[in-house]
Each structure stands twice: as C-alpha cells, then as structure tokens.
Participant: 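My questions will all concern the structure given below.
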Amino acid sequence: MSDHEGIRHVEIGVADLDRSLDFYRDLLDLAPAEGPAAGPGVAWLSAGPALLKLVETAEGDLGGWVNDDLQRGIRHIGFKVGDVDLRAERVRDAGVPFTLPPLDAVGGVRIAFFQDPDGTHLEITSGYLRYHRVASPDLAERERLAALSRPRTAPPVFDHVAVTSAGLDAALTVYRDRLGYEVIGQISQDQDPRGFLITYLLAGDAVLEVFTFTAPTTASPWTPDPCRRGFRHVAIAAGDPEEAASRLIEAGAKVAGTGALVDVDGVPLLIA
C-alpha cells in the first residue's frame, strides 16, 4: 500500500462548534490543527495519525444513524489511550454517559464507548489485540510493542474507523484490493449470536475495522445531506485522487452529491 492512501481525517457534523471543541479539545485532549477549507464553522483537531474535522450545521440530526452494529456504514471511531479506566473517570466526571462502560473485551483489550454531544459514537481502548487469526505477524507485533510503550497517562490518539459490511469479500475488494490496505488479523466474537467477525486492516497509520455478521444487516442511512450531524465522511489521502477514485468505482463505489464516493455498504469516502 502507498503510504499516501491511508485514513487522513474523519469529518463530523456538530450542532455547536464551541460545545464540540470543549468536548474534543478540552475533555479528550485533542490538539488544534491546521487543515484545508478552514474558516467559520470549521475546526480541525489533531488526533495523532489522523485528523478530525468538525463542521457546524445549525440544523440537522444523525440522519437515521442508530447505535446498532447491524446497520451498515460507519459505526464508530476509536482512540488508543494509556489506560481506559483512567480516561473513563474523566469522561464520567464530565457527566458523559457511557453506551458501554469499561470492560475487558474479546481479544484482550480494555474498551469503553460513549457519544459526543451530538451522538457521534466513540470508543477508547487500551492494550493490544490477541488476534484469533493473524494475517500479518509483523503488524501484530508492531501493535503489541506500541501498546507496551504507551504511558498509562497517555492521551487519546486516533486508532481506527469501524464500519459494518454486508459481506467480507466485497469489503476486501474495496479496501485490500483497490486501496492496498493490509489485513492484520481477525477476532471472532463467538459469544455473539449474530455471528460477529471483526477484520482489521492497516489504513496508512490508522486501522480500518470491518464488522461482518452471519445475521442480516440493514442498509446504511447515509445521504449527502449538508446538514448531517455525526459521521459525514472518511477522507482517504491519495497521491492521484482521480486514479484512486477510479479504482473504487471499479469495486462498486458510487459518486455522491458532495463529491465523495459511497462504497457498496454506504460508507462515504472522500479521496483527496
């Protein structure tokens, strides 16, 4: 994979930019950053290997997104921290409710989930995954060593985007075969009656988590509504945007009204 074709940023629509900056900058300790298309109602934050772009919209809602991983499209974004419980204390003290309180997850990591002020779903995680199936021992070992060297007080850094796909083969056609993302490994959630499998791919310096199920999934509600809050798109850096877009269209992606592409599962991708 070209180093230029990883996840560059995630764009999130917000109702109140100052309120969201209080959340992401002051509570989660993400640093202000420079980014393209800066201006009134737009703020960029550095999250380590990727950026967040916050865009204020006076009206709108999550556009049909619900907290159900059987719904295809973007499910959440995740941040690595030094200690989930330490960070969770701060989140709890700020009055933010958890959609999933801190717990030990399958694969040996500690995780917790909560939402930003507009309902965007976020995960914090610490430790390193013990994959049930390892595709790249070198990448798995790199992740382990990074986790062991991370201080307990380390602030959040961007780790992954999680998406639900109707089928793993179709998702791999897009992300592995067209964008060149390397599969790191897989975790089987055998305790989950929905037949839950997570496949992890290295997307530049970040990770793409692909959720697939044996249970039926539902369609992504994403539309190119400029008033959409929550997840608006995932930006993919590319040395040749037109050529990268052509590869994705060959894999079934469609052009959306915003100039972004939408893959077969309703994940909006902006090639830049």
Participant: Could you check if a side-chain atom of Leu27 sits within less than 4.5 angstrom of a side-chain atom of Asp22, using non-hydrogen atoms only?
Facilitator: no
Participant: Taking all heavy atoms of Tyr181 and all of Leu202, pick out the closest pair and write down the distance.
Facilitator: CB-O, 3.3 Å
Participant: Where the side chain of Thr125 meets the backbone of Ile111, is there a donor-acceptor pair that is under 3.5 Å apart?
Facilitator: no
Participant: Between Phe113 and His76, does the side chain to side chain contact (heavy atoms under 4.5 Å, CB included) criterion hold? Intermediate values first, please.
Facilitator: CA-CA 9 Å; Phe113 282 88; His76 68 262; 3.6 Å; yes
Participant: Can you tell whether the side chains of Asp61 and Arg228 come within less than 4.0 Å, N to carboxylate O?
Facilitator: no
Participant: Taking Asp169's backbone N and O only, do any of them form a donor-acceptor pair with Thr173's side chain (distance below 3.5 Å, no angle check)?
Facilitator: yes
Participant: Would a 4.5 Å heavy-atom cut-off, applied to side chains only, mark Pro49 and Asp159 as touching?
Facilitator: no
Participant: Using every non-hydrogen atom in the two residues, find where Arg150 and Ala154 come nearest and quote the distance to one decimal.
Facilitator: CG-CB, 3.6 Å
Participant: Salt bridge or not between Arg144 and Glu141? Use side-chain N to carboxylate O under 4.0 Å.
Facilitator: yes
Participant: Rounded to the nearest 0.5 Å, how far does CG of Leu45 lie from CG of Leu28?
Facilitator: 9.5 Å
Participant: Please answer: with hydrophobic residues joined when any side-chain heavy atoms are less than 4.5 Å apart, are Leu100 and Leu86 in the same cluster?
Facilitator: no
Participant: Given the rule that I, L, V, M, F, W and Y join up when any side-chain heavy atoms are under 4.5 Å apart, are Phe98 and Val66 in one cluster?
Facilitator: no
Participant: What distance do Phe158 atom CZ and Asp205 atom CG have between them, rounded to the nearest 0.5 Å?
Facilitator: 11.5 Å
Participant: Flag yes if more than 12 heavy atoms outside Arg142 fall under 6.0 Å of its CZ atom; otherwise flag no.
Facilitator: no
Participant: I'd like to know whether Leu201 forms a side chain to side chain contact (heavy atoms under 4.5 Å, CB included) with Leu172, so could you lay out the CA-CA distance, the side-chain angles of the two residues, the decisive distance to 0.1 Å, and finally the verdict.
Facilitator: CA-CA 9 Å; Leu201 298 95; Leu172 291 178; 4.0 Å; yes
Participant: If two hydrophobic side chains count as joined below 4.5 Å and joins carry through other members, does Val210 share a cluster with Val262?
Facilitator: no
Participant: Side-chain donor-acceptor pair under 3.5 Å between Ser126 and Arg87, yes or no?
Facilitator: no
Participant: Please answer whether the main-chain N or O of Asp265 pairs with a side-chain N or O of Arg72 as donor and acceptor at a distance below 3.5 Å.
Facilitator: no
Participant: Can you say whether the rings of Phe213 and Phe196 are parallel (under 30°), tilted (30 to 60°) or perpendicular (over 60°)?
Facilitator: parallel
Participant: For the side chain of Lys80 and the backbone of Pro155, is there at least one donor-acceptor N/O pair under 3.5 Å apart?
Facilitator: no
Participant: Would you mind reporting whether Asp118 and Asp16 have side-chain heavy atoms less than 4.5 Å apart?
Facilitator: no
Participant: So among Ile7, Val161, Ile184, which one has a side chain to side chain contact (heavy atoms under 4.5 Å, CB included) with Val207?
Facilitator: Ile184
Participant: Do Tyr131 and Glu143 get their side chains close enough for a donor-acceptor pair, meaning under 3.5 Å?
Facilitator: yes
Participant: Find the distance between CG (Asp69) and NE2 (His121) and round it off to the nearest 0.5 Å.
Facilitator: 8.0 Å
Participant: Do side-chain atoms of Ser220 reach the backbone of Gly266 as a donor and acceptor pair under 3.5 angstrom?
Facilitator: yes
Participant: Find out whether the Lys NZ or Arg CZ of Arg178 is both under 6.0 angstrom from the six-membered ring centre of Tyr175 and within 45° of the ring's axis.
Facilitator: no
Participant: Is any side-chain heavy atom of Lys53 closer than 4.5 Å to a side-chain heavy atom of Val10?
Facilitator: no
Participant: Go through His9 and Trp44 one step at a time and tell me if the ring pair (Phe, Tyr, Trp, His ring centres under 6.0 Å) criterion holds.
Facilitator: CA-CA 9 Å; His9 72 261; Trp44 290 85; 4.8 Å; yes
Participant: Supply the atom-to-atom distance Arg130 CZ to Ile187 CD1, rounded to the nearest 0.5 angstrom.
Facilitator: 10.0 Å
Participant: Check Asp68 against Arg194 and note the closest heavy-atom contact, atom names and distance.
Facilitator: OD1-NH1, 4.1 Å
Participant: Can you check whether Glu11's main-chain N or O pairs, donor with acceptor, with Arg232's side chain at less than 3.5 Å?
Facilitator: no
Participant: Can you measure from CG (Leu168) to CG (Leu197) and round to the nearest 0.5 angstrom?
Facilitator: 6.5 Å
Participant: Return yes if some donor-acceptor pair links the side-chain N/O of Trp222 with the main-chain N/O of Trp65 below 3.5 Å, else return no.
Facilitator: no
Participant: Below 4.5 Å, heavy atoms only, C-beta onward: do Pro102 and Arg92 meet side chain to side chain?
Facilitator: yes
Participant: Are Ile12 and Asp116 packed together at the side-chain level, in the sense that at least one heavy-atom pair is separated by less than 4.5 angstrom?
Facilitator: yes
Participant: Would you say Glu59 has more than 12 foreign heavy atoms packed within less than 6.0 Å of its CD?
Facilitator: no
Participant: Checking Arg229 side chain against Thr57 main chain: does a donor-acceptor pair fall under 3.5 Å?
Facilitator: yes
Participant: Where the side chain of Ser149 meets the backbone of Leu145, is there a donor-acceptor pair that is under 3.5 Å apart?
Facilitator: yes
Participant: For the pair Ser188 (side chain) and Asp190 (backbone), establish whether a donor and an acceptor sit closer than 3.5 Å, ignoring hydrogens and angles.
Facilitator: no
Participant: Do you know which two heavy atoms are closest between Ala33 and Leu51, and how far apart they sit?
Facilitator: CB-CD2, 4.0 Å
Participant: Give a yes-or-no answer on whether the side chains of Thr218 and Gln71 include a donor-acceptor pair shorter than 3.5 Å.
Facilitator: no
Participant: Heavy atoms, side chains only, cut-off 4.5 Å: are Leu21 and Phe23 in contact?
Facilitator: no
Participant: Please round to the nearest 0.5 Å and tell me the distance separating atom CG of Leu208 and atom CZ of Arg176.
Facilitator: 13.0 Å
Participant: I'd like to know if Leu30 and Leu122 are part of one continuous hydrophobic network [Ile/Leu/Val/Met/Phe/Trp/Tyr, side-chain heavy atoms within less than 4.5 Å].
Facilitator: yes
Participant: With the side chain counted from C-beta on, respond yes when Thr99 and Asn67 share a heavy-atom pair under 4.5 Å apart, and no when they do not.
Facilitator: yes
Participant: Counting only heavy atoms not in Gln191, do more than 12 fall under 6.0 Å of its CD?
Facilitator: yes
Participant: Which atom pair, heavy atoms only, marks the closest approach of Leu261 to Ala253?
Facilitator: CB-CB, 4.3 Å
Participant: What's the verdict on side chain to side chain contact (heavy atoms under 4.5 Å, CB included) for Val42 and Leu54, showing C-alpha distance, side-chain angles and the deciding distance?
Facilitator: CA-CA 6 Å; Val42 176; Leu54 305 181; over 6 Å; no
Participant: Mind listing the closest non-hydrogen atom pair of Leu269 and Asp263 along with its distance?
Facilitator: CD1-CB, 4.4 Å
Participant: Go through the steps to decide whether Leu179 and Leu248 satisfy the test side chain to side chain contact (heavy atoms under 4.5 Å, CB included), and finish with yes or no.
Facilitator: CA-CA 8 Å; Leu179 290 178; Leu248 291 173; 3.9 Å; yes
Participant: Same cluster or not: Phe114 versus Phe231, using hydrophobic residues (I, L, V, M, F, W, Y) connected whenever any side-chain heavy atoms lie under 4.5 Å apart?
Facilitator: yes
